[in-house]
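Remarks on the structure that follows.
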There are 2 protein chains.
Amino acid sequence: MTDEEKAKYFQVALCSSLVLFGFDGEELKILVYKKLNDPFKGALVLPGKYIAPTVSNDQAIHELLIEKIAYDEHQTYIEQLKAFTKVFRNPLGRVVNVAYYALVKLTPQIQEKVKSQGGEWYAYDRVPDLAFDHNEIVQYAKERVKRRVKRRPVGFNLLGDEFTIAQLQSLYEKALNRELDKRNFRKKIFNSNLIIETGNTTDPKQHRKVSKLYRFDEEKYEKLSLKGYDFLF
Amino acid sequence: MTDEEKAKYFQVALCSSLVLFGFDGEELKILVYKKLNDPFKGALVLPGKYIAPTVSNDQAIHELLIEKIAYDEHQTYIEQLKAFTKVFRNPLGRVVNVAYYALVKLTPQIQEKVKSQGGEWYAYDRVPDLAFDHNEIVQYAKERVKRRVKRRPVGFNLLGDEFTIAQLQSLYEKALNRELDKRNFRKKIFNSNLIIETGNTTDPKQHRKVSKLYRFDEEKYEKLSLKGYDFLF
DNA sequence: GCAAAAGTGTTCACACTACACCCATGG
DNA sequence: CCATGGGTGTAGTGTGAACACTTTTGC
C-alpha cells in the first residue's frame, strides 16, 4: 500500500457502545446516559467510548464496565453484537461502532455506582428514543439476548450465586417476553440437571413461605457444552 | 471532541473480508485467493478490500462480489459476521475487519469469472491455512452458517430456482456436516410446506430416472417469518 | 381465615428417530 | 439383467403444552 493510499484509508475512528442488561430479581433493564456534550448534547445514548488505535476493543469495553458499574468480570457475560458501520452515523466523521452487550446482576453496589455516574435504567421494553443509531443497536441486542437465552444458560449471569426457581422463571419470562407455565418450567429446568439445590432457603422474614435456593452447575455445563450440547427453551 | 482528540482517534482503517460459500450441487466450497502483494505476498487469503471512509461496508461488499464473481444480488444471501478488531491483526496499522459471509449457487458463469480472477475453491472442510486472522474468520463463518441453516431456510440461496429433493438434502448434509435419513428429510421438508412442486422434472438424459423439481415458496416464508416462525432442523 | 407464593402430575398431541424395500431407467 | 438413484410408511420414543389443587405462613 502506498503512503497515499494509507492516508486515504487510515482516517476512520472506532468506538464501542454497550447494551448493558441488568436484572434486579424483578425487572430486566437497560442502561442509558444523558449525553453531556455535542454532538447530540442532552440526548439519551448507550454507554460507550471512542477507542484509540492502540487499544483493543475488549480492553475498551472492560474499562467502560469498570468506569460505569464497577463490575465483577467473573459474573458478567460479554459478547460482541456486530459492527454498525453506516457512513453518516456520526457527524464527526466515519466512526465504526463495534457494539457489545453484557449481562449483569444488579447489586446495590452497582445501582449506587450507576447513580453516581448519572446513568438511568429503563425497563427492557420501555427504552426511550436514543441518539445516533442506538435504537437500532438496542433492538439488535434484544433479539440476540432472546436467542441466546433460549439456547445457552447465559441467564444465570443475571442472577446471584443462589436463586429461587421463581426468580429464574421471572428472568426467562422477561427476556423471552412471554409468560411460562410454572410446572413446565420447573420440569424443564430440573431435567437439564444444570441446577443444584444449595440446601439454603430464602429468608423466612421476607416472604410468606420460604423457598429453596439453587445454583447453576457450571462444571457440568462446561462438559456438556464441549459435546455440542444445546441448552433448551 | 477537540481537534487533538480527533487526530488521535481518526486513524484507523476499515476493511471487509468475505467468506463466500458456493454450492455446485455436490460440494460446498469456500473461495480464497493468493495474495499478490505485501504484506503476506503469496499467502492465501479471503477475498476482501479496504474501505474508504466515504464508502459504506455494504457498498464495498457489493462491489467485491461484482468484481470477484459477477453475482446476481437477488439470489445471494449476505450477512455480516462480526468485526475482527485485534490491534495487531494487520502489520500496516490498526485495521478493523468487518467480515461478511455470502451464499451463492455456483453457476458456470461464476466458475469462469472466479478462474479468470485467480480465485480457488476449497471444500468446506479442507480450507488450507490462511494469512492474517482469516482462519478464525472462516471458522466463525462456518459455525454461523451451520446455525443459520438449522433455523432459517438460507440454504435455498445455494440452489438454483428449481432443485430436486436429493440436491437439497445433499446441501444440508454438507452444511451440517452429517448424514441425514432420506425419508425423514423428505417428511420434514414437505411438512414445512415451504416447498412447491414446479411440475418440471430433471432431464431424462442425465439420470437413470427422472426426478421432480421443486422451488422454494418465498411468499409463504415471508408470512411465516413475520409471525416469528423458526424453520427447523 | 385469607391472601400470597411454593410446590407438585397427568394427559394429549406432535415431532424426531430408526429402519427396508420397490420402481423406473440406461447401459 | 443389473446398477443407479427416486420414491415411499410405520412403530416407538421423547418433548412441549395445557391444566388445578394443596401447603405454608404472615397479616
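Chain identifiers are assigned alphabetically (A, B, ...) following the order of the sequence lines, protein sequences preceding nucleic acid strands; residue numbering begins at 1 within each chain.
For a distance-only test at 3.5 Å, the side chain of Lys212(A) fails to qualify as a donor-acceptor partner of the base of dG7(C). One can find a donor-acceptor pair under 3.5 Å joining the base of dT10(C) and the side-chain atoms of Lys187(A).
The CG-P distance, from Leu213(A) to dA5(C), rounds to 17 Å in whole Å. Distance, Phe190(A) CZ to dA6(C) C1': 11 Å, rounded to whole Å. The separation between Tyr214(B) atom OH and dG6(D) atom P is 11 Å, rounded to whole Å. As rounded to whole Å, 13 Å separates atom C1' of dG26(C) from atom CG of Asp203(B). Between the CZ atom of Phe185(B) and the P atom of dA15(C) there is a distance of 17 Å, given to the nearest Å. We find that CG of Asp181(B) is positioned 15 Å from P of dC21(C), with the value rounded to whole Å. Remark: P of dG7(D) and CD of Gln167(B) are 11 Å apart, rounded to the nearest angstrom. Rounded to whole Å, atom C1' of dT4(D) lies 10 Å from atom NZ of Lys182(B).
By the 6.0 Å contact criterion, CD on Glu179(B) is open, its count of non-hydrogen atoms from other residues, nucleotides or ligands being 12 or less.
Relative to the ring axis of Tyr122(B), Lys29(B) does not place its NZ or CZ within 45° and under 6.0 Å from the centre. For the pair Lys113(B) and Tyr71(B), the cation-pi test (distance below 6.0 Å, angle within 45°) is failed. The cationic group of Lys82(B) lies under 6.0 Å from the six-membered ring centre of Tyr140(B) and within 45° of the ring axis, placing it in a cation-pi geometry.
Mapping Arg178(A) and Val210(A) onto DNA chain D by nearest heavy atom places Arg178(A) at the nucleotide closer to the 5' end.
For Asn184(B), whose side chain is taken as the heavy atoms from C-beta onward, the closest listed nucleotide among dT8(C), dC19(D), dC19(C) is dC19(C). Comparing dA5(C), dA18(C), dG6(D) by their closest approach to the side chain of Lys209(A) singles out dA5(C). When distances are taken from the side chain of Lys188(A) to each of dA18(C), dA17(D), dG7(D), the shortest belongs to dA17(D). Closest to the side chain of Arg183(B), from the set dA20(C), dG7(D), dG9(C), is dA20(C).
Using a 4.0 Å cut-off between charged nitrogen and carboxylate oxygen, Arg148(B) and Glu79(B) count as a salt-bridge pair.
Contact between the side-chain N/O atoms of Arg186(A) and the OP1/OP2 oxygens of dG7(C) is found at a separation under 4.0 Å.
No contact: Asn191(A) has no heavy atom under 4.0 Å from any strand.
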